[in-house]
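Down below is the structure, laid out as C-alpha cells.
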Amino acid sequence: MTISNPSDFIRDIIDDDLKTNKNNGKVATRFPPEPNGYIHIGHAKSVCLNFGIANQYNGTCNLRLDDTDPAGESMEYVESIINDIRWLGFDWGDRLYYASDYFEKIYRLAVELIQSGDAYVCSLSPDEVREQRGTFTEPGKNSPYRSRSVEENLDMFQRMRNGEFADGAHTLRAKIDMASPNIVMRDPVLYRIKREPHYRTGAKWVIYPMYDFAHCLSDALEGIVYSICTLEFENNRPLYDWIVTKLIAGPRPRQIEFARLNLSYTVLSKRRLIELVENRHVSGWDDPRMPTVSGLRRRGYTPEAIRNFCAQIGVAKNDNLIDVALLEHCVREELNEQAPRAMCVLRPLRVVIDNYPENHVEEILCANHPQKPEMGARKISFSRELYIERDDFMENPPKKYHRLGPGREVRLRNAYVIKFERAIKDEQTGEVIELHCTYDPATLSGPPADGRKVPGVIHWVSAGHCVPAEVRLYDRLFTIENPGAEEDFIRHLNPSSLETLAACYVEQNLKDAPPGSRFQFERLGYFCKDAKDSTPEKPVFNRIVPLRDSWAKIAGSEDSKNKSR
RNA sequence: UGGGGCGUCGUCAAGCGGUAAGACACAGGAUUUUGGUUCCUGCAUUCGGAGGUUCGAAUCCUCCCGCCCCAGCCA
C-alpha cells in the first residue's frame, strides 16, 4: 500500500509556491525535536511529513535538535532520536544541526533587537509578569521597565550573559503590545537566566533563548522555507513572523501548522510517556507496549509499516483520534507478504499418535509462505509424540468448532489427518493432560481418499524436535479509547497488556533465528525474536500483532448467547 | 464567549459551484491443509444547524451551535 502521490493542504501550498516561483523553486524543511525524550509515533508522522516533502520535491530536510532549555536534555536522547529517524528510513546528509550551535548568533540578534528599541530587559519577578499579563478578556499592563534606555538594556543584557544576576532576576522581553488580544504578543520573554549546565555548551551560558525566539531564527539561519509544526503553535505564528521580519532581511521561512497525531488506546504526550517509564509501569522507553519508535521497533514493527501508516492517516488540521486498528492493519499487511511462516505452540498439550511407529521420525517439507513458493521451504520433523495447542481440543465443543474433540478429526498443518481416540486426565484435578489419537497415513499430501471432509487445521510441533521458548503476548496498554484525555490515565492501564508464556515450544528451525527476525506463527500472529532478552538456550518472542480472528467473533457470540440463555 | 483554529460515514480523509473518492472498522458471501491471505458484495439521497445567493451549494453569504488551542522565565 504505497501511496504514490501523497497530497495534503501543505503540499498544495508548496505546489502553488512552485507554480508562482515564490521561492525560486526551493523546498527546505526541518524536523526539530527537543532532545528531552524518545520520539514516538506522533513524531514519526512529522518525520514522514518533513522528510517526505523534501524527498518528493527534491528539496532538503534538516535534522535540528531544538535544545534551548538545558533542563532534561541529554546526549542519550539525541542519540536515540538520530537512531530512530535513521531506522525509519530517512537521511539528512550532513545537515545535522543544533539550536545550541546558534546561541552566539541568536544572542547578537537579540542585541540588534535591543538596539532597534524592540526589546528590553525586564526586572519583574515571574509572579509579577504573570499578574501583569492580563487575562483573555483584560489587557495587560506595561512593565515599569519597558522604557529603559537602549544603553541600559544593552548593559543589563550583557551583564545577564556575564552571570551577574540570579536566576529569574531579569528577562529580555520583546516590546510588542501588552493589550494585544493574542496573549503571545504581550511582550513575550525572549531570554531567561538559568544556571543549568547544558549537555552541549556546558556552563558557557547562563542565559538561554526561549523557543519563540530561537526557533524562528534557527529556521531563518538554516534557510528553511517551510517551518511545519503542530496546531498548538498557531497562536505563536504572529510572533514568529514579527521576530523574523524585524531581524531577517532575506527570504523568510513560513510556518504552517497541522494536527498532531492521537492514537486510540494509547498516550502520546511526552509528560505521560515519561511517567510510564519513571514509575515503572513499563520496562523502559523501548518496552514493546510503548508507542515510541524504539518500543515499536522492539515489538517488531517495520519502518515500512510505520511509514505506510503515516501515509494512510493523512495530514490535515482536524483534531483526530486514529484507530490503533489502522496501525495494526499496516503491520499485518506488510508482514503477511514478508514474514516466513513457522509453527509455535503457546500452551502445549501432549498428543500421542497410537498407530504411528515408535522411534520413527520423518521430515516433512513445509512451504515458508503458502502464496509465495519463491520464499522456499523448510523441513520439520514429525514423530509419534507431538504438542498441540490446548485450545485446539475441547471435550464438549460447540457445533461450529472445527478442531479436536470426541469423535472428531483434524488436519495437522502440513502433515496428516488425525482422529481423536481418548483423553487422559489428571486423577486429582480432572484436567486433560494428554490426548491419544490415530493418524491416516494416506493424508500427508492430500485429502482423505474416501472424500470425507476435514474442515479443521491445527498447528503442532514434534515433542522430541522442538525448542522451548518464551512468548510475550502484548495487548493495548490502556483499556479506554482516549486515555490521553483523562486526568488520572494511570488508572486505565490495561492489567493484561502483557501475558508472558514461559513454556512454549517453537519448531526446531527457529533455534538460531537472528535477533529481531519476524515470523508468522501460523494461526496465531506475527512475532519477533526479542533482541534483548533472548538467550541461546531460550529464545523470547514478542507478539507484534495477532492474526485477524473471525473464530473469536463466532465463539464470542456463541458464548454470549449461552450466557443469556 | 478576548484571540486563534476546526466541524464531510463508527475512525481517518478526498472534495476548491455541476450533483459525496479512498482507507480502516463493520456486515454478508466465495475460495482456502493458517477460522490467515485473496476475492466479490453492502455500508453518508447527504456534508454541525438554520436561513440566503444560484438553473444548480459540502463548496459562496449571514446567523447560530459544538469541539480544540492560548494567561511557562516549557517546547
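Quantities reported herein were computed from a predicted structural model and do not represent experimental measurements.
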Where the side chain of [X] is defined as all heavy atoms beyond and including C-beta, which of [options] is the nearest nucleotide?
| X | options | answer |
| --- | --- | --- |
| Arg523(A) | C24(B), U34(B), A75(B) | U34(B) |
| Val457(A) | A75(B), G4(B), U34(B) | U34(B) |
| Arg133(A) | C6(B), G72(B), U33(B) | G72(B) |
| Arg130(A) | U33(B), A27(B), G72(B) | G72(B) |
| Val184(A) | G2(B), C70(B), C12(B) | C70(B) |
| Pro181(A) | C26(B), C12(B), G2(B) | G2(B) |
| Ala316(A) | A13(B), G72(B), G2(B) | A13(B) |
| Arg341(A) | C12(B), G36(B), C73(B) | G36(B) |
| Gln520(A) | G35(B), U34(B), A23(B) | U34(B) |
| His402(A) | G4(B), G35(B), A25(B) | G35(B) |

Exercise. Determine whether the aromatic ring centres of Tyr191(A) and Tyr208(A) lie less than 6.0 Å apart.
Key: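 Not under 6.0 Å, so no.
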Answer yes or no: is there an ion pair linking [X] with [Y], defined by an N-O contact shorter than 4.0 Å?
| X | Y | result |
| --- | --- | --- |
| Glu275(A) | Arg272(A) | no |
| Glu362(A) | Lys379(A) | no |
| Glu409(A) | Arg452(A) | yes |
| Glu389(A) | Arg523(A) | no |

With stacking defined as ring centroids separated by under 5.5 Å and planes differing by under 30°, is Phe136(A) stacked against C70(B)?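 Here Phe136(A) meets both the 5.5 Å and the 30° conditions.
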Is Tyr211(A) stacked on the base of A75(B), with ring centres under 5.5 Å apart and planes under 30° apart?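 Stack criterion not met.
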Separation of [X] atom [atom1] from [N] atom [atom2], in whole Å?
| X | N | atom1 | atom2 | result |
| --- | --- | --- | --- | --- |
| Asn482(A) | G10(B) | CG | C1' | 15 Å |
| Asp8(A) | G15(B) | CG | C1' | 14 Å |
| Ile10(A) | G5(B) | CD1 | C1' | 14 Å |
| Arg173(A) | A71(B) | CZ | C1' | 12 Å |
| Glu337(A) | U38(B) | CD | C1' | 10 Å |
| Arg413(A) | U33(B) | CZ | P | 9 Å |
| Asp177(A) | G2(B) | CG | P | 17 Å |
| Asp319(A) | C6(B) | CG | C1' | 7 Å |

Look at the side chain of [X] and the base of [N], then say whether one donor and one acceptor between them are separated by less than 3.5 Å.
| X | N | value |
| --- | --- | --- |
| Arg411(A) | U33(B) | yes |
| Asn182(A) | G4(B) | no |
| Arg403(A) | G35(B) | yes |

Just by distance, no angles: are the side chains of Arg30(A) and His215(A) close enough, under 3.5 Å, to form a donor-acceptor pair?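 Note: Arg30(A) and His215(A) side chains meet the donor-acceptor criterion.
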Which base, if any, makes a Watson-Crick or G-U wobble pair with [N], both distances under 3.5 Å?
| N | result |
| --- | --- |
| U34(B) | none |
| G22(B) | C12(B) |
| C74(B) | none |
| G7(B) | C65(B) |
| U45(B) | none |
| U1(B) | none |

Closest nucleotide of RNA chain B for Ile322(A) versus for Arg548(A): which of these residues is on the 5' side?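 So the residue in question is Ile322(A).
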Pick the nucleotide of RNA chain B nearest each of Val315(A) and Tyr416(A); which residue has the one closer to the 5' end?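 With Val315(A) and Tyr416(A) compared, the 5'-side residue is Val315(A).
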| request: Scan Ser125(A) against the nucleic acid and name what it touches under 4.0 Å (heavy atoms): base, sugar-phosphate only, or nothing. | output: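 It contacts base atoms.
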Using a cut-off of 4.0 Å on non-hydrogen atoms, how would the nucleic acid contact of Leu124(A) be classed: base, sugar-phosphate, or nothing?
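Base, at least one base atom sits under 4.0 Å.
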Taking only side-chain nitrogens and oxygens of [X], does any of them come within less than 4.0 Å of OP1 or OP2 of [N]?
| X | N | value |
| --- | --- | --- |
| Ser7(A) | A14(B) | no |
| Lys317(A) | C68(B) | no |
| Arg192(A) | C74(B) | yes |
| Arg332(A) | C24(B) | no |
| Asn318(A) | G7(B) | yes |
| Lys553(A) | C26(B) | yes |
| Thr68(A) | A75(B) | yes |

Sticking with atom C1', work out how far C68(B) lies from A57(B), rounded to a whole angstrom.
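That atom pair is separated by 27 Å.
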_Nearest-angstrom distance, C1' atom, A21(B) to C16(B)_ =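 The same atom, C1', in both gives a distance of 15 Å.
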How would you label the glycosidic angle of G7(B): syn (within 90° of 0) or anti?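 Here G7(B) takes the anti form, which means its glycosidic angle is more than 90° from 0.
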Atom NZ of Lys419(A) with >12 non-hydrogen neighbours under 6.0 angstrom: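 12 or below, so no.
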Lys141(A) and Arg133(A): CA distance, side-chain angles, deciding distance, side chain to side chain contact (heavy atoms under 4.5 Å, CB included) verdict:
CA-CA 6 Å; Lys141(A) 296 187 187 81; Arg133(A) 190 153 26 219; over 6 Å; no
Checklist line | Option among Ile306(A), Leu296(A), Ile544(A) that satisfies the side-chain contact (heavy atoms from CB on, under 4.5 Å) test with Val331(A) | finding: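 It is Ile544(A), the one option of Ile306(A), Leu296(A), Ile544(A) that forms the side-chain contact (heavy atoms from CB on, under 4.5 Å) with Val331(A).
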